[in-house]
Amino acid sequence: MSKMEALKLSLIIISLLLTSLRSIASSPDNHRYNVGDHVPLFVNKVGPLNNPSETYQYYELPFCGPDPVVQKKESLGEVLSGDRLTSALYKLNFRENKVAETLCHKKLEGDDVAKFRDAVINDFYFQMYYDDLPFWGFVGKIEEDSWTLEKKSLKYFLFKHVQFDVLYNGNQIIEVHAIGDPNQVVDITEDVGVDVQFTYSVVWNTTSAAFDTRMDRYSRASSLPIHLKIHWFSFINSVITIMLLIGLLTLLFMRRLRNDLRTFSTGDEEDDKEVGWKYIHGDVFRYPRNKSLFCAVMGVGTQLLTLVCSLFVLVCLGILYPYNRGTLCTALVILYSLTSGVAGYTTASFHCQFAETGWERSVLLAGIMYAGPLFVIGSILNVVAVSYGATVALPFGTIMVIILLYAFLTIPLLVLGGVIGYLFRSEFQSPCATKRYPREIPPLPWYRDTPCQMFLGGFLPFSAIVLELQHLYASLWGYRILTLPSILFIMFIILILITAILSVGLTYIQLSVEDHQWWWRSVFCGGSTAIFMFAYCIYFYTRSSMSGLLQFSFVFGYNACMCYAFFLMLGTVGFRSSLMFVRYIYRAVKSE
């Protein structure tokens, strides 16, 4: 081979390497592009602004679409979130400006015009994704007819031109907006056919914003300075109030308990009559009724506590962040399956402290205690969504994936945890022996009954978290993004602390009147905060602009599931803290 041929071959190899490196350096996977490169744009869904759960596929409205329409493969979480990304005719190549580019010519029949008009009346928006960045725009606008003098009439217009404003930094896309041109519209007030030429423009501008911070603007939209100040003020006010309340309750409670123990140790008969809880030492550790059900509550409550704490860890690691499509739903499904082992272990080990047989029934109850109601409610909601044709309706394949995941991952881990709990069982540590026959409980006034104690045990924690609960509901059933998850985590910890302290205090009051049936009551008093949370959901819905059967069903259905989960979690906290307290005081009495 001559030197000239070798040089030519070397140049060919170098050019091929450069081409391959260029294709590696610029691709949708790493979000780096060269001028003129194709950047993926997907249309997602449309829906009324006031009903976040009521969304439909983009081409349910007669927009211009490709033939055939190609649907992007979605993850499990994206399907659960109602995302249905599909291909579009829009071509937004990197850094290529376009002016009045024709998208398509379309003949809108009377039915098509009626669909668009209904969408404009209900304030429909559309959502698209460009380089994994979500953006929104409105379908049309409503104007008053100024020429009508006899009565007020409205005219409805469809935007036929959309302008895309894209910001870039170097070879990366930072921000994108879609704006319907109010000057280029089609009158769709009447059900008459019309020829429409849909067009679009693309304007590219530079920005100094970094690629790593391009998602921050979605958070900033929900954290305006005035709102952020109010949020911080309400948070600090709640924390101070809670800490003062905890301090006061602890001070009063410890002083009374110290007096009780001092009275018991002196043996004074006159003072001894005032201490009622010492008389029931032979009944206070009597196992509760419905033992298997009680153990299942403890197991599922511990599982859900583990799940919530794991979610906060994922947020701290940056895995969960706003508009990371479907990640939250995927995390919930996977974490629930993985933490089922915690439920099995806790249920079986707690059951075996009472009896070595029958733990299988307790584990079975733990497997259906939360998943059962969730499946029933989810099935009803899916039927409603299917009747509406909404994107939140789960396809048959997704339902089968969830069932298989539960059958081949959740149940095996649940059983495995139960077996481990049985093998490493231990006896129930009771400072006092239990009498053969239970002591009769004296008649109690109405304000010492379970409903009144549940009201007190639920209202105080709820009043401490109600401001943060408002932000949580606004993010779940609105368009506000929860921008400060650290505050949510702190409020969750405070909720657990105040629930534990109140449960201990209410259990002490109950024991003081010689009522030894505290096991189930501590669960009900601890979990009663969830009842107030659901009541606040009703208040939130009535104050919002949401309407329709679909949105109503999803708000109350999924909030019922969420509040039920909080009931199990906080009920577990209430019992565990009360158990530690009861063991402590009777161990102290025994040592005296």
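Side-chain rings of Y584 and F581 stay apart, their centers remaining 6.0 Å or farther from each other. For W518 and F575, the ring centers are positioned less than 6.0 Å apart.
Rounded to the nearest 0.5 Å, atoms CH2 (W519) and CG (L579) are 6.0 Å apart. From I465, atom CD1 reaches atom OG1 of T499 across 8.0 Å, with rounding to the nearest 0.5 Å. For the atom pair T572 OG1 and Q303 CD, the distance stands at 10.5 Å (nearest 0.5 Å). To the nearest 0.5 Å, atom CG of residue L472 and atom CG of residue L467 are 12.5 Å apart. Expressed to the nearest 0.5 Å, how far CD of Q353 lies from CD of E427 amounts to 9.5 Å. With rounding to the nearest 0.5 Å, the separation of CG in L307 from CG in L332 is 6.0 Å.
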Set out, in order, the CA-CA distance, both residues' side-chain angles and the distance that settles side-chain contact (heavy atoms from CB on, under 4.5 Å) for F556 and I538, then state yes or no. CA-CA 8 Å; F556 287 100; I538 300 175; 3.5 Å; yes

Between T507 and S578, is a side chain to side chain donor-acceptor pair (under 3.5 Å) present by the stated rule, with each step listed? CA-CA 7 Å; T507 300; S578 297; 2.9 Å; yes

Please walk me through it: do W477 and Y541 pass side-chain contact (heavy atoms from CB on, under 4.5 Å)? CA-CA 9 Å; W477 307 112; Y541 181 85; over 6 Å; no

Would L305 and V573 count as a side-chain contact (heavy atoms from CB on, under 4.5 Å) here? Give the steps. CA-CA 9 Å; L305 276 171; V573 171; 3.9 Å; yes

Evaluation steps, side-chain contact (heavy atoms from CB on, under 4.5 Å), between V523 and M298: CA-CA 9 Å; V523 173; M298 293 299 103; 3.9 Å; yes

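Using a distance-only test at 3.5 Å, with no hydrogens or angles considered, a donor-acceptor pair links the side chain of N382 to the main chain of L394. In terms of modelled atom types and a separation under 3.5 Å, the side chain of T347 and the main chain of G344 share no donor-acceptor contact. The backbone N or O of G47 lies less than 3.5 Å from no partner atom in the side chain of E54, so there is not a single donor-acceptor pair. Counting only distance, with no hydrogens or angles, the side chain of Q510 and the backbone of Q517 share a donor-acceptor pair below 3.5 Å. Judged by distance alone, the side chain of N51 and the main-chain N or O of S53 form no donor-acceptor pair under 3.5 Å.
Closest heavy-atom contact between S503 and S522: OG-O, 4.4 Å. When all heavy atoms of T410 and S337 are compared, the pair lying nearest together is OG1-OG, 2.9 Å. Contact record, S75 with T330: OG-OG1, 4.3 Å, taken as the closest heavy-atom pair. What you find for P288 and F294 is that their closest heavy atoms are CG-CG, 4.1 Å. Minimum heavy-atom separation, A393 to R84: O-NH2, 3.1 Å. Of all heavy-atom pairs spanning A530 and C563, the tightest one is CB-O, 3.0 Å.
F566 places none of its side-chain heavy atoms less than 4.5 Å from the side chain of T529. I402 places a side-chain heavy atom less than 4.5 Å from the side chain of L76. Considering only heavy atoms from C-beta on, L409 stays 4.5 Å or farther from I334 through its side chain. Using a 4.5 Å heavy-atom cutoff, the side chains of Y564 and L374 are not in contact. Annotation: side chain of M569 is not in contact with side chain of I496 (no heavy-atom distance under 4.5 Å). Side-chain contact between P52 and Q551 is present, with at least one heavy-atom pair separated by less than 4.5 Å. V79 has its side chain within reach of P395: a pair of non-hydrogen atoms, C-beta onward, lies under 4.5 Å apart. Residues H351 and V363 fail the side-chain proximity criterion, which asks for heavy atoms closer than 4.5 Å.
Under the side chain to side chain donor-acceptor pair (under 3.5 Å) criterion, T55 pairs with T391, sequence neighbours left out. With sequence neighbours excluded, no residue forms a ring pair (Phe, Tyr, Trp, His ring centres under 6.0 Å) with Y56. Scored by the salt bridge (Lys or Arg N to Asp or Glu O under 4.0 Å) test, R448 finds no partners at all (sequence neighbours excluded).
Y536 and Y473 have parallel rings, their planes meeting at less than 30° on a 0 to 90° scale where 60° marks the start of perpendicular.
For the ring pair (Phe, Tyr, Trp, His ring centres under 6.0 Å) condition, the pairs that include at least one residue of residues 380-426, sequence neighbours left out, are W359-Y422. Among pairs with a residue in residues 281-306, those fulfilling salt bridge (Lys or Arg N to Asp or Glu O under 4.0 Å) read D283-R286, at least two apart in sequence or across chains.
Stacking of R583 on the aromatic ring of F428 is recorded, both the 6.0 Å distance cut-off and the 45° axial limit being met.
In the displayed structure, R425 atom CZ is contacted under 6.0 Å by more than 12 heavy atoms of other residues, nucleotides or ligands.
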Ignoring hydrogens and angles, write down the donor-acceptor pairs under 3.5 Å from the side chains of residues 449-461, residues two or more places apart or on other chains.
unit_1	atom_1	unit_2	atom_2	d
T450	OG1	R521	NE	3.1
T450	OG1	R521	NH2	3.2

